[in-house]
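The block underneath contains the structure these notes are about, expressed in structure tokens.
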Protein chains: 2
Amino acid sequence: MNVMNESPRRKELIRLAAQLFVQEGFDRTTVRMLAQEMGIKSGSLFHHFKDKQEILAAVIEEGTQNALIIAHQSIEQYPAEPEARLRAMARAHLETLFADRNAHVVALFEWRRLDPAASAHLSHLRDAYEALWVEVIDDALQAGLIHGDRFLVSRFILGALNWTVRWYDPNGPRTPDDLADELVGMIMAR
Amino acid sequence: MNVMNESPRRKELIRLAAQLFVQEGFDRTTVRMLAQEMGIKSGSLFHHFKDKQEILAAVIEEGTQNALIIAHQSIEQYPAEPEARLRAMARAHLETLFADRNAHVVALFEWRRLDPAASAHLSHLRDAYEALWVEVIDDALQAGLIHGDRFLVSRFILGALNWTVRWYDPNGPRTPDDLADELVGMIMAR
DNA sequence: CATTCACACTAGCGCTTGCTTGGTTACTCA
DNA sequence: TGAGTAACCAAGCAAGCGCTAGTGTGAATG
């Protein structure tokens, strides 16, 4: 087994697993299906991962790491412009959501399948990401751009954004940036 | 087997199944777990339902039927007041969502486990419900209460509302009506 | 040249799954 | 009273599950 390995091979396997988890759901995806998709036999799978759980954790970790990095990069461009920060954060959210769609769908809808240990570890990553949001929203509230309870507002915005994976068609006429701008426009006081 | 049966017994079994599906997820809920929760043996379960799939369909059907009825009752009280209609619709949505929480969580997150036949049948129910929303939102747009693309606005609102099942605590200080009012306040032009 | 290593294979164990079968009990109603 | 039926049970089958043990191979390392 290959515990802490960041090889390209492992990354590719994780990508394939994410795709299958989205298609079938974690529980219905068997190790034999995973192996076939990866072009190996089911036994060989356990050379790369300790067990099926570890594959799930790896998928979710990758997605969340990427989201954090991109969000950071996006808002640090505008240290003192609340509206630009809000817009950049929403854009970054949708950008990662659809660039890395499979991993994020797994993170959003299969989180509960994580065992407690993995869940605890990954919760920190997610909390760090949500803290970024709360920060940006606090700025926007203080600047009078939006109004309402900071807790509820951030939950509503994240809900609206996350739910897009259920209906948004990347091949349609609208870009993720269009969506982000529309949402920001919808909630901003004029 | 007991195909089209609306007996109280069946209703109770469906309620118990919904609870387990939420706790464990559909795939991880075994027929033996269901039977034990129902106080019968696993074989007896198939006297009430053709197969496991039928239980899932029954759970989702119940929840969606209720939502439709309550939404109808709520908005027909205000035939010509766009703001009241919007608020009533949001309140009704959250009211059913938490009154009938288990069934709705299953409907939202286990829909994809339905086989194609059941999915086709239930899609009509869901579409009827969403049509109500589009109607109410069109009225609000025309009245100038909110602004934006009708399609996107309704998706964002439904996303924000549905996502509440992931974070809202019914034992906390806020009522579902508080949430609905806060959301409407957040998006309404002033 | 000998050893080690990553990576893959074959074979299958022990267990759980959804569902079936054949029969029993309790109740309703002519 | 006795026929019909809804509701249940005990037993188990066939298939599929995650995972393990033991082995082979070709490339890198000493």
Side-chain angles (χ1 to χ4, degrees), chain A residues 1-60 106 110 112-119, chain B residues 1-60 106 110 112-119:
Chain A
M1 220 263 303
N2 221 339
V3 184
M4 287 283 97
N5 189 335
E6 286 303 315
S7 69
R9 174 75 173 142
R10 185 181 159 101
K11 278 215 165 184
E12 171 67 5
L13 298 184
I14 291 171
R15 208 186 53 81
L16 289 168
Q19 188 188 334
L20 264 179
F21 288 163
V22 169
Q23 252 173 56
E24 306 289 328
F26 176 72
D27 292 323
R28 285 169 111 89
T29 304
T30 70
V31 293
R32 284 171 241 268
M33 292 164 67
L34 286 165
Q36 188 172 32
E37 198 73 14
M38 295 168 178
I40 56 180
K41 300 292 175 180
S42 71
S44 313
L45 208 157
F46 296 91
H47 171 72
H48 299 278
F49 303 97
K50 180 170 130 279
D51 52 23
K52 201 185 162 193
Q53 269 286 327
E54 194 186 273
I55 309 178
L56 177 62
V59 167
I60 295 183
V106 171
E110 308 284 355
R112 298 182 37 229
R113 304 286 157 251
L114 286 170
D115 63 32
S119 173
Chain B
M1 220 265 301
N2 222 339
V3 185
M4 285 285 96
N5 188 335
E6 287 303 312
S7 69
R9 176 70 174 144
R10 186 181 158 100
K11 278 216 166 185
E12 172 66 4
L13 297 184
I14 292 172
R15 210 186 52 81
L16 289 168
Q19 188 188 333
L20 264 179
F21 288 163
V22 170
Q23 252 173 56
E24 306 288 328
F26 176 70
D27 292 324
R28 286 172 111 88
T29 305
T30 69
V31 294
R32 283 168 243 269
M33 292 164 67
L34 286 165
Q36 187 172 32
E37 199 73 16
M38 295 167 178
I40 57 180
K41 299 294 174 178
S42 72
S44 313
L45 209 158
F46 295 91
H47 171 73
H48 299 277
F49 303 96
K50 177 171 132 281
D51 53 22
K52 201 186 161 193
Q53 269 286 326
E54 193 185 274
I55 309 179
L56 176 62
V59 166
I60 295 182
V106 172
E110 308 283 354
R112 297 183 38 231
R113 305 286 157 253
L114 287 170
D115 62 32
S119 173

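The chains referred to below are lettered A, B, ... by the order of the sequence lines, with proteins before strands, and numbering in each begins at 1. In this text the structure is predicted, and so the values were computed from the model without any measurement.
By the neighbour-count criterion of 12 heavy atoms within 6.0 Å, atom CD of Q36(A) is sparsely surrounded, having that number or fewer from other residues, nucleotides or ligands.
With hydrogens and angles ignored, the 3.5 Å screen pairs a side-chain donor or acceptor of Q53(A) with a backbone N or O of D115(A). Using modelled atom types, one side-chain atom of T29(B) and one backbone atom of G25(B) make a donor-acceptor pair closer than 3.5 Å.
Rounded to whole angstrom, the span from the CE atom of M33(B) across to the C1' atom of dT16(C) amounts to 13 Å. Look at CG on L45(A): it is 12 Å from P on dT20(D), rounded to the nearest Å. Rounded to a whole Å, the CZ atom of F26(A) is 10 Å from the C1' atom of dG18(D). Atom pair F46(A):CZ and dC7(C):P shows a separation of 17 Å (rounding to whole Å applied). Atom pair D27(A):CG and dC17(D):P shows a separation of 12 Å (rounding to whole Å applied). Protein atom CZ of R28(A) is 14 Å distant from nucleotide atom P of dT17(C), rounded to whole Å. I55(A) has its CD1 atom 12 Å from the C1' atom of dC19(D), to the nearest Å. Straight-line distance from the CZ atom of F49(A) to the C1' atom of dC7(C): 13 Å, rounded to whole Å.
Scored by the side-chain contact (heavy atoms from CB on, under 4.5 Å) test, R15(A) finds E12(A) as partners (sequence neighbours excluded). Residues satisfying the side-chain contact (heavy atoms from CB on, under 4.5 Å) criterion with A17(B), sequence neighbours excluded, are F21(B), L34(B), M38(B), I55(B), V59(B).
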*What string of B, S and - do you get for nucleotides 8-13 of chain C 5' to 3' if you count protein non-hydrogen atoms under 4.0 Å?*
SBB-B-
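Between F26(A) and D27(B), the closest side-chain pair of non-hydrogen atoms is not below 4.5 Å.
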